[in-house]
Amino acid sequence: GMWEGGWSVLPALAGEPAEAILPDSADVLDMAGRTDRFSFFPYVICEDVTNKSRGHVDKPWFKYTGALTLPAHLCNGSAFGNQGDELSAFLAASSEPPIYFGWGSLKTTNPADMTTIAVRALKLLSRRGIILGGWAMLSSADLDGQDDEVELKQYCKEHVLFVGAANHSWLFPQCAVLVHHGGLGTVA
C-alpha cells in the first residue's frame with residue numbers, strides 16, 4: 001500500500017517537507033557506493049535507531065523511523081485493499097473467523113503450488129479462508145490442472161475468497177489465523 005501514494009504521506013508523517021527527509025540522488029548514489037544512476041533504488045529506512053550497520057548515518061536526512069504505519073483514515077483505495085462489499089459479506093457470512101493466507105510481495109515461479117497448498121489446508125480443516133493474491137497474483141485459476149481441481153474449485157465457491165490486496169490492520173483482527181511470509185509491511 002505504501003508504494004501507491006505513499007510518498008505524499010511520508011512528509012505528513014514526519015512533519016517535514018519531503019526535501020528534508022528524502023535523500024537526493026547524489027546522496028543515494030554515495031550511500032550505495034555507486035557512480036551511475038541506474039544501479040540503485042531509493043528507500044526509506046524504517047528500522048530501529050540502534051541498528052547502525054548500514055553506514056553513512058551522519059546524513060541530515062537519515063532518520064530512523066521504526067515501522068511506518070498510516071492512520072486508518074488514510075488507508076483508502078485499491079492499494080489498501082478496499083474493505084468492499086464482497087470482503088465484508090464474506091466475513092459476515094462466516095460462522096467463525098476465517099484463516100488468512102497471504103504472501104504479499106513474495107513472488108514465485110509456481111503460484112499454483114502456493115494456491116493449492118492454501119486451499120487444500122482450508123479444505124482439510126473445513127474452514128473458510130481469505131487468500132491474498134499479492135504480487136504472485138494468486139487466484140482460483142491456479143488450481144487448474146491439479147488432480148483434485150474440481151473438488152478444490154467447488155470448495156472455493158463457498159469457502160474461499162481471493163482478494164488482490166487487503167488492509168491488514170482492518171482485516172487481521174477479524175481472522176482466526178494468519179499465514180503470511182513475514183514481510184516488513186505485513187508485520188508492521
- Query: Are the side chain of Glu149 and the backbone N or O of Gly145 linked by a donor-acceptor pair below 3.5 Å?
  - Reply: yes

- Message: Checking Asp148 now: which residues fulfil salt bridge (Lys or Arg N to Asp or Glu O under 4.0 Å) with it, not counting sequence neighbours?
- Response: Arg120

- Check: His180 and Trp103 side chains under 4.5 Å, non-hydrogen atoms: no

- Please report the closest heavy-atom contact between Leu132 and Gly102, naming both atoms and the distance. CB-CA, 3.9 Å

- Interatomic distance, OG@Ser88 vs CH2@Trp170, rounded to 0.5 Å, equals 4.0 Å

- Message: Could you check whether atom CD of Glu86 has more than 12 heavy atoms from other residues, nucleotides or ligands sitting under 6.0 Å from it?
- Response: no

- Calculate, to the nearest 0.5 Å, the distance between atoms OH and CG belonging to Tyr155 and Leu124 respectively. 9.5 Å

- Item | Member of Thr115, Leu122, Ile130, Ile117 meeting the side chain to side chain contact (heavy atoms under 4.5 Å, CB included) criterion with Phe101 | Leu122

- Applying the 4.5 Å side-chain criterion to the ILVMFWY set and letting contacts propagate, would Leu143 and Met137 be lumped into a single cluster? no

- If the plane angle is over 60° it's perpendicular, under 30° parallel, otherwise tilted; pick one for Tyr100 and His168. perpendicular

- Item | Shortest non-hydrogen contact from Pro98 toward Gln174 | CD-O, 3.5 Å

- Message: Tell me whether Lys123 at atom NZ has more than 12 heavy atoms from other residues, nucleotides or ligands lying less than 6.0 Å away.
- Response: no

- Message: Run the side-chain contact (heavy atoms from CB on, under 4.5 Å) test on Ile131 and Leu161 for me, step by step, so that the C-alpha distance in whole Å, both residues' side-chain angles and the decisive distance to 0.1 Å come before the verdict.
- Response: CA-CA 6 Å; Ile131 299 178; Leu161 177 66; over 6 Å; no

- Verdict with supporting geometry, Val160 and Ser140, side-chain contact (heavy atoms from CB on, under 4.5 Å): CA-CA 9 Å; Val160 181; Ser140 61; over 6 Å; no

- What's the shortest heavy-atom distance between Thr116 and Asp142, and which atoms? OG1-O, 4.2 Å

- Task: Identify, with sequence neighbours excluded, every residue that meets side-chain hydrogen bond (donor to acceptor under 3.5 Å, both in side chains) alongside Glu96.
- Result: Arg127

- Message: Which heavy atom of Leu138 sits nearest to which heavy atom of Phe162, and what is that distance?
- Response: O-CD2, 3.9 Å

- Less than 4.5 Å apart, any side-chain heavy atom of Ser94 and any of Arg128? yes

- Task: Please indicate whether Asp147 has more than 12 foreign heavy atoms, meaning atoms of other residues, nucleotides or ligands, lying under 6.0 Å from its CG.
- Result: no

- Return the minimal non-hydrogen interatomic distance between Pro97 and Cys175, and the atom names on each side. CB-C, 3.8 Å

